[in-house]
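Just so you know, ligand 1 is whichever comes first in the structure, and atom 1 is the first atom listed for that ligand.
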Amino acid sequence: MAIKKLGVLGAGTMGAGIAQIGAEAGLQVVLVDIEQKFVDRGLKVITTNWDKAVAKGKITDKDVADYLGRLKTSTNNRDLQDCDLIIEAIIENIEIKKKVFKELGEMCSPATVLASNTSGFSITEIAVASGRPDKVVGMHFFNPVPVMKLVEVIPGAETTEETVAVAMETCRVIGKTAIRAKEAPGFIVNRLLVPYLNDAAHAYQEGVASVEDIDQAMKLGANMPIGPLALCDLVGIDVLLMVAEYFYQEFGDPKFRPALALKQKVRAGHLGIKTGKGFYDYTKK
Ligand code: CAA
């Protein structure tokens with residue numbers, strides 16, 4: 001099935017990025033969030049990216065007008081009901097995701113494929129909640145979505161090959177490389193990346209080195225494009241902590257124990273770039 005209309009639920013960092021590349025790829029996009037202020041914030045991120053691309057001469061004002069013509073926003077989930085594919089990118093909380101998938105399953109056309117951008121929760125558990133588990137698949141994007149080339153595609157226990165094919169084909173259309181992963185906590189990338197980021201937070205907490213030196217060490221000593229603590233700030237420390245806690249609970253292995261430094265940042269509301277403070281202070285720049 002060729003996707004023409006893409007629904008994106010959640011206008012945060014990931015949802016906005018997915019909506020942006022969908023519109024750029026020629027799809028009709030409906031971007032929905034629960035409050036207008038969240039929709040407006042997501043739209044602002046998208047239009048800022050387009051303005052920068054125009055300033056760099058990468059796209060024209062006419063391109064932006066075309067993209068905007070294809071991008072609709074809403075605060076009503078019902079506006080998603082005739083989409084061919086809906087990608088959920090809401091808060092990383094399994095109970096809230098299940099509630100949302102139940103609603104989508106009841107409301108959408110039977111042909112609609114429902115995808116979750118979960119960073120690592122069970123697709124099967126989310127799929128069962130929808131009442132149409134054969135039509136649910138994981139599509140895991142990476143931050144910043146417009147830049148990162150990968151999407152992990154994860155079938156749940158009852159996902160059909162037809163549904164997987166829709167996800168794979170959509171990735172091709174929006175210019176991403178899809179890799180199929182089995183359902184396991186964190187899939188591929190986060191299974192490897194989250195323990196690394198969590199270890200960097202442990203190292204900082206133990207006083208091994210300063211934030212800046214830990215980051216510099218991994219950039220210069222391991223050729224990482226960005227240091228691990230700066231990456232925590234980019235991903236969102238709240239997201240990272242939720243994933244780390246989920247791993248700790250699912251694997252039962254002490255190596256996944258979330259660092260206190262992550263918990264303290266979250267308790268302080270210092271979630272990274274999105275709140276202006278994390279391991280670094282972005283309000284001073
Ligand atoms: N949105 C859109 N475009 C962005 C962007 C953003 N937030 N940040 C950077 N870019 C674009 C820039 O506009 C620039 O584009 P052009 O080449 O067209 O000019 C390009 O990316 C490079 O940007 P910069 O020169 O400003 O900076 P950089 O070279 O340091 O690259 C980066 C920035 C791509 C983010 C790089 O630091 C990087 O690769 N970081 C690692 C990112 C990563 O590991 N992401 C995965 C996180 S894990 C995850 O997301 C999954 C999960 O479930 C937790």
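Side-chain N or O atoms of N198 include one that pairs as donor or acceptor with a backbone N or O of A259 at under 3.5 Å.
In this structure, atom 10 (N) of ligand 1 lies nearest to the protein heavy atom V147 CG2, 3.5 Å. Closest to atom 52 (C) of ligand 1 among all protein heavy atoms lies N190 ND2, 3.4 Å. Scanning all protein heavy atoms for the shortest distance to atom 45 (N) of ligand 1 gives N143 O, 2.8 Å. Regarding atom 54 (C) of ligand 1, its nearest protein heavy-atom neighbour is V235 CG1, 3.3 Å. Summary of contacts: the protein heavy atom closest to atom 15 (O) of ligand 1 is K56 NZ, 3.5 Å. Protein heavy atom in closest approach to atom 49 (C) of ligand 1: F142 CD2, 3.5 Å. With hydrogens left out, the protein atom closest to atom 30 (O) of ligand 1 is P225 O, 4.8 Å, a heavy atom.
The protein does not reach atom 33 (C) of ligand 1 closely, with no heavy atom under 4.0 angstrom from it.
T60 and D63 are linked by a side-chain donor-acceptor pair at a separation below 3.5 angstrom, with hydrogens and angles left out of the test. Between the side chains of T75 and E35, no donor-acceptor pair is found at a separation under 3.5 Å.
Contacts of L231 with ligand 1, taken as heavy-atom pairs under 4.0 Å, involve the side chain alone. With a 4.0 Å cut-off on non-hydrogen atoms, L193 touches ligand 1 through its side chain and not its backbone. No part of V194 comes within 4.0 Å of ligand 1, judged by heavy-atom distances.
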Carefully, step by step, assess Q216 and E212 under the rule side chain to side chain donor-acceptor pair (under 3.5 Å).
-> CA-CA 6 Å; Q216 188 77 322; E212 290 78 7; over 6 Å; no
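For the pair L85/L27, no side-chain contact is recorded, criterion being any heavy-atom separation below 4.5 Å from C-beta on. A 4.5 Å side-chain heavy-atom check between P144 and L234 finds at least one atom pair inside the cut-off.
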